[in-house]
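Single-structure report; data block below.
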Amino acid sequence: MSDTGKSFYLTTPIYYVNDAPHIGHAYTTVAGDLLTRWHRQRGESVWFLTGTDEHGQKVMRTAEANNTAPQQWCDRLVEQEWKPVWKHLEIANDDFIRTTEARHTKRVQKFLQGLMEQGYIYEGKYEGPYCVGCEEFKLPGDLIEGNCKIHSKPVEMLSETNWFFKLSEFAAPLLEHYKKNPESCQPESARNEVISFLEGGVSDLSVSRSTFDWGVRVPWDEKQVVYVWFDALLNYATAVGLTDDPSSDGGKFFEKTWPADVHLVGKDILRFHAVIWPAMLMAAKLALPKKVFAHGWLLVGGEKMSKSKLTGIAPSDITDHFGVDAFRYYFMRAIPFGSDGSFSWEDMAARYTSELANDFGNLASRLAAMVEKYCDGILPNPAKDEELASALSKTVESADKAIVALDFQGGINAIMDFCKVVNGYVTIQQPWVVAKDESKKSELDAILYNTAESLRALAILLHPVMPLSTSKLWSYLGAESSLGPISSQKIADVAKWGQLKGGSKIIKGDILFPRLPDLES
Ligand code: MSP
C-alpha cells in the first residue's frame with residue numbers, strides 16, 4: 001500500500017473512434033477495471049483513466065466517408081457507442097479523456113512548446129511510407145510487398161516538411177533504463193522486443209503533419225498539426241494536469257498521480273509506449289511510467305481480431321447470452337495476460353457451466369436453501385473450521401500476489417480453487433444428513449455458518465472480477481447491513497474469520513448464473 005499519498009494510477013490506451021468498441025478493446029479495459037478495483041479494495045487511492053483518440057487521418061477519413069464533420073462524428077461515437085459500452089461492462093473509470101477536449105489540446109501545445117525551447121524539436125523533411133490504419137511512419141522491414149503487415153493494406157508514400165523530435169538521442173538512455181528496471185516493461189518477451197529494437201538504433205521522429213488539419217495545431221506553425229501519436233500519448237499526463245503550475249489544483253493533482261503505475265497496452269502498440277513515450281518524458285525531465293504491460297491479442301482464425309478485417313465481435317453479442325459478469329470472468333480467467341488467445345463459444349459455455357454456475361452459483365444457492373430449510377432463513381452464530389480458515393488465508397495471499405503482478409488468470413484460479421475447497425467441505429460434511437439428527441443441531445449450525453463465511457470471502461475476492469453477481473450475493477448473505485458495502489471490504493481483512501453476524505437474514509435470491517439457453521436459440 002502506498003504511504004506517500006501517491007495514487008495508484010492506471011491507464012488503458014485511448015481508443016480510435018473510427019468505429020464502435022469490439023471485444024479486443026473491452027479486453028484491455030476490463031483488465032484495467034479488474035486491477036484498479038483490486039487496488040481500491042487494498043485500500044489504496046486509485047486513479048483509473050480511459051478515453052478516446054480522436055485526431056488524425058484514420059478518424060478524419062472515416063468521418064468523411066460517413067459525410068459527417070470529424071468533431072460531430074467523434075461526439076456521436078463517444079456518447080452513443082464507447083461510453084455506453086463501458087457502462088454496460090461495469091467499468092468504474094475515474095476519468096474519461098477525449099483528445100479533442102481543450103484541457104488536452106492546450107497542454108499538448110504547452111508541452112511541445114517546452115520541447116522546442118529545450119532544443120529537442122527541429123524542422124526537417126520526411127520521406128517514406130505511412131500506414132493510416134496504424135497511424136505510423138513505417139520502416140522497410142514493416143512491410144510485405146508494399147502492404148502494412150498489420151492491416152494487409154497498401155501504405156501511402158509521404159514527402160513533407162515537418163517538425164522532428166530528437167528521438168535518436170534517447171535510445172541509449174532508454175536501453176539503460178530497461179536493463180536497470182526490468183519491471184518497467186513486461187512481460188519479459190515484450191521487454192526483449194523493445195531492447196532489441198533499441199539496440200538496432202532509432203531515428204528521429206516526425207511529430208507534425210501538414211497535409212490535413214484534423215489535429216492539435218503546432219503552436220508556432222499554424223500550417224501543421226501535431227502527429228496523432230504524439231498527441232495521443234500525452235493524454236496519460238494531460239488528463240492529470242501536465243504542465244500546470246505546481247501550486248495550482250492541476251499541478252497538485254499531477255504531483256499526486258504522476259508517474260503512471262501501469263500503462264496497459266496491446267502488444268501492437270508497445271513500441272509507441274516503450275520507446276517514443278518515455279523518450280518524450282525524458283526530454284521533458286519527467287518521471288517515467290513504472291510499468292508498461294503489453295497483453296496479447298484476441299484472435300479470430302489465428303489473426304488479431306479487428307473491425308477493419310470484419311472479424312470484430314461486439315461485447316453485447318456475448319453479454320446478451322452470458323451476462324456481463326461471465327464476460328469479464330471468461331477473458332481474465334481463460335487467457336494468460338500477456339499471451340494471445342482465441343475466443344470460442346464452446347469454451348466459454350463450458351467454463352460458464354462448470355466454474356460459474358456449478359462451482360460458485362450453486363454453492364450460494366445451496367447455502368441459502370439450507371439456511372431457509374433448517375434455520376428459517378436466519379444465519380446461525382459464528383463457528384470456525386480451521387482448515388477452511390487456513391485455506392482462505394493462503395488463497396488471499398496467493399491471489400493478491402498474482403493480481404498485483406497482473407497475473408489475472410493465476411489470481412482467479414487461486415480464488416476458484418478455494419471455491420472448490422468449500423464445495424468439498426459441504427460434500428464431506430453432508431449437512432442434509434446431519435440435519436436429520438436433532439442432537440446434532442450445533443454441528444449443522446457450524447457447517448452452515450462456515451459455508452456462509454466462505455461465501456462472504458468469495459464475494460469480496462471475486463468482486464473486482466464480477467461486480468454484479470457478487471453484489472447480489474453480498475445482499476443475499478445479509479452482509480450489507482452489518483459489514484457495509486462490498487466495494488469497501490478490504491483484501492487484507494478478508495481472511496479474518498467470523499465477520500458475518502449470526503442472526504442475519506439470508507435471502508434466497510435470484511440464481512447467480514442461470515442455466516444457459518441453447519446456443520442455437
Ligand atoms: N489509438 C491508439 C492507442 C493510443 S494510446 C495513446 C490505438 N487504438 S485502437 O483502438 O486501435 O486500439 C487500442 C487497443 O485496443 C490496442 O492496443 C489493444 O489494447 C486493444 N485491441 C484492439 N484489438 C485487439 C485484439 N484483437 N485483441 C486484444 N486487444 C486488442 O491503437
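Each ligand, and each atom within it, is numbered from 1 in the order the structure gives. Small disclaimer: the values here were computed from a predicted structure and weren't measured.
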Check each of Arg107, Arg103, Lys252, Lys106 against Asp244 using the salt bridge (Lys or Arg N to Asp or Glu O under 4.0 Å) test, and report the only one that passes.
-> Arg107
Just going by heavy-atom distances, which of Phe331, Tyr16, Tyr27, Trp277 is nearest to atom 9 (S) of ligand 1?
-> Tyr16
Tell me whether the guanidinium CZ or amine NZ of Arg42 lies under 6.0 angstrom from the six-membered ring centre of Phe8 and within 45° of its axis.
-> no
Residue-ligand contact [X]/ligand 1, heavy atom below 4.0 Å:
X	answer
Glu135	no
Lys267	no
Gly296	yes
Phe272	no

Main-chain N/O of Glu90 paired with Arg328 side-chain donor or acceptor, under 3.5 Å | yes
If you count the atoms of ligand 1 from 1 in the order shown, which ones are under 4.0 Å from a heavy atom of Gly266?
-> 17 (O), 18 (C), 19 (O)
Go through ligand 1 atom by atom and flag the ones less than 4.0 Å from a non-hydrogen atom of Gly24.
-> 20 (C), 21 (N), 24 (C), 25 (C), 27 (N), 28 (C), 29 (N), 30 (C)
Pick one of side chain, backbone, both or neither for how [X] approaches ligand 1, counting any non-hydrogen atom pair under 4.0 Å.
X	value
Leu298	both
Thr12	neither
His295	side chain

Judging by distance only, is a nitrogen or oxygen of [X] under 3.5 angstrom from one on ligand 1?
X	result
Ala232	no
Val265	no
Ile14	yes
Asn235	no

Going by distance alone, is a donor N or O of one side chain under 3.5 Å from an acceptor N or O of the other, for Asp53 and Trp229?
-> no
